[in-house]
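First listed ligand is number 1; within each ligand, the first listed atom is number 1.
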Amino acid sequence: MFDQLRKSVSKIIKKVTFTDFSPKTIDKVCEQLKDVLIKNEVAVKTADDICKLLTAELMKTDHARFSNTKNLILLSLRKVVLSILSPEQEIDLVQMVDNSKKKNTPLIIAFFGVNGVGKTLSIAKIGKYLQERGYTSVFAAGDTYRAGSIQQIQKHGEKLGIRVIAQTYGADAAAVSYDAINHAISRNIDVVLIDTAGRIETSSNLMAELQKICKVTEPDLKIFVGDALTGNALISQVKLFNEKIGIDAAILNKIDADVKGGAAVSVTHISKKPIIFIGVGQEYKDLKNFIPEEIIDNIIPI
Ligand SMILES: Nc1nc2c(ncn2[C@@H]2O[C@H](COP(=O)(O)OP(=O)(O)OP(=O)(O)O)[C@@H](O)[C@H]2O)c(=O)[nH]1
Ligand SMILES: [Mg+2]
């Protein structure tokens, strides 16, 4: 995972030969690091902040205790990137479902993102994830736009034994979602997972449709779904969806493909929202919790 970013960062640290920690030498390392981060698709603002925090960290360290400069930079960088990857507030999905159950109401989760990022597959994966933990769910076929989308989610539902509430193509996605919520309430189902259509991010029609779904269904969780292969464009998508709809969390898919890794580093920093899962393949089991420490170990191993 994130081979390219890891190799580039490690190259810079290997090159460190100085033993003094003058602002000048720290600046030099930070400049090189910033270049490498940006080349590996870390957002410019995130790369900037990493370097600023690293400078501050190195300046305040008691250098007398360290004979190994490389090691000091490595440890400081790990600490800084960990703070960048850590959201202001964590989200525990299972805890959220439990809380809703106590209130006798289904947890409503809506998934958003541009086309092809893995929204529908993520819904199926989460349906299975919940099933394995003893929770029931229903899918709302809220993508009434793309040809084949309803059959696609129905197929997942059949495989998993999860009910799919659907209407026809062109139907009002908010109405379909509303039906699914009513179904969940009447059958005592724990979670409603709402699929939505993806179009290109500049489509104002799409944003209006998504805003309507949110207005009608009042989701407890609005999840932005992104494709790690998108690279830099992912950051503008996160910003746009956050601005137009207000996201609570993100899922980052296709981490199994050979991604540079920078985008994954930037998503939380830019949106201030946690990445709750990463998609690491096309099977239902290929869903992993996002653990910042694991990402750090991949990018900046000790
Ligand atoms: N390798 C890999 N492929 C994935 C992952 N997540 C989704 N895919 C694939 O990406 C393609 C698109 O997935 P969908 O779930 O249909 O994406 P979507 O966002 O619902 O797409 P639209 O409905 O067209 O907006 C499918 O071929 C998925 O199998 C992942 O984590 N890894
Ligand atoms: Mg879809």
Exercise. May I ask you to decide whether Asp248 forms a salt bridge with Lys222, counting only side-chain N to carboxylate O separations under 4.0 Å?
Key: no
Practice problem: Give a yes or no on whether Tyr145 atom OH has more than 12 heavy-atom contacts from other residues, nucleotides or ligands under 6.0 Å away. | Solution: no
Exercise. Identify the protein heavy atom lying closest to atom 16 (O) of ligand 1, giving its residue, its atom name and the separation to 0.1 Å.
Key: Gln152 NE2, 2.9 Å
Quiz item: At what distance is the nearest protein heavy atom to atom 25 (O) of ligand 1, and which residue and atom is it?
Solution: Lys119 NZ, 2.8 Å
Practice problem: Report, in ascending order of atom number, the atoms of ligand 1 lying under 4.0 Å from any heavy atom of Val280. | Solution: 31 (O)
Quiz item: So is Gln282 polar-close to ligand 1, meaning N/O to N/O under 3.5 Å?
Solution: yes
Exercise. Would you tell me whether Asp143 and Thr196 have side-chain atoms, one donor and one acceptor, within less than 3.5 Å of each other?
Key: no
Quiz prompt | Partner of Val164 by side chain to side chain contact (heavy atoms under 4.5 Å, CB included), out of Gln151, Gln154, His156 | solution = Gln154
Quiz item: Among protein heavy atoms, which sits nearest to atom 14 (P) of ligand 1, and what does the distance come to when rounded to 0.1 Å?
Solution: Gly118 CA, 3.6 Å
Quiz item: Is the shortest side-chain N to carboxylate O distance from Lys288 to Glu294 below 4.0 Å?
Solution: yes
Quiz item: What residue among Asn71, Leu33, Leu74 forms side chain to side chain contact (heavy atoms under 4.5 Å, CB included) with Ile13?
Solution: Leu74
Self-check item: Carboxylate-amine/guanidinium contact Asp297 Arg78, below 4.0 Å
Solution: yes
Quiz item: Is the closest basic N to carboxylate O distance between Lys128 and Glu132 below 4.0 Å?
Solution: yes
Practice problem: List every atom of ligand 1 that sits less than 4.0 Å from any heavy atom of Gly279, numbering the atoms from 1 in the order shown and giving each element. | Solution: 31 (O)
Quiz item: So is Ala197 polar-close to ligand 1, meaning N/O to N/O under 3.5 Å?
Solution: no
Quiz item: For atom 12 (C) of ligand 1, which protein heavy atom lies nearest, and how many Å away is it?
Solution: Gly116 O, 3.7 Å
Quiz item: Against heavy atoms of Asn115, which atoms of ligand 1 measure under 4.0 Å?
Solution: 24 (O), 25 (O)
Quiz item: Do any nitrogen or oxygen atoms of Asp256 come within less than 3.5 Å of a nitrogen or oxygen of ligand 1?
Solution: yes
Practice problem: Measure Glu283 to ligand 1 on non-hydrogen atoms and call it side chain, backbone, both or neither using the 4.0 Å cut-off. | Solution: neither
Quiz item: Can a non-hydrogen atom of Gly281 be found less than 4.0 Å from any atom of ligand 1?
Solution: yes
Quiz item: Which one holds for Asp143 and ligand 1: side chain close, backbone close, both close, or neither close, with close meaning a heavy atom under 4.0 Å?
Solution: side chain
Quiz item: Any salt bridge between Asp98 and Lys102, counting N to O under 4.0 Å?
Solution: no
Quiz item: Within a strict 4.5 Å, meaning less than it, do heavy atoms of the Gln89 and Pro274 side chains meet?
Solution: no
Self-check item: Lys254 N/O under 3.5 Å from ligand 1 N/O
Solution: yes
Practice problem: For residues Tyr129 and Phe277, establish whether the separation of their ring centroids is below 6.0 Å. | Solution: yes
Quiz item: Is there at least one pair of N or O atoms, one from Asp286 and one from ligand 1, spaced under 3.5 Å apart?
Solution: no
Quiz item: Do any N/O/S atoms of Asn115 come under 2.8 Å of the Mg ion (ligand 2)?
Solution: no
Exercise. Give a yes or no on whether Lys155 atom NZ has more than 12 heavy-atom contacts from other residues, nucleotides or ligands under 6.0 Å away.
Key: no
Quiz item: What are the atoms of ligand 1, with element, lying closer than 4.0 Å to any heavy atom of Lys125?
Solution: 31 (O)
Quiz prompt | Protein heavy atom at shortest distance from atom 24 (O) of ligand 1 | solution = Arg146 NE, 2.8 Å
Exercise. Below 4.0 angstrom from a heavy atom of Gly198, which ligand 1 atoms are there? Numbered from 1 as shown, please.
Key: 25 (O)
Exercise. Would you mind checking which non-hydrogen protein atom is closest to atom 20 (O) of ligand 1, with the distance to 0.1 Å?
Key: Thr120 OG1, 2.8 Å
Quiz item: Would you say Lys288 contacts ligand 1, with heavy atoms under 4.0 Å as the rule?
Solution: no
Quiz item: In terms of residue, atom name and distance, what is the protein heavy atom nearest to atom 15 (O) of ligand 1?
Solution: Leu121 N, 2.8 Å
Quiz item: What about the rings of Phe224 and Phe241, do their centers lie closer together than 6.0 Å?
Solution: yes
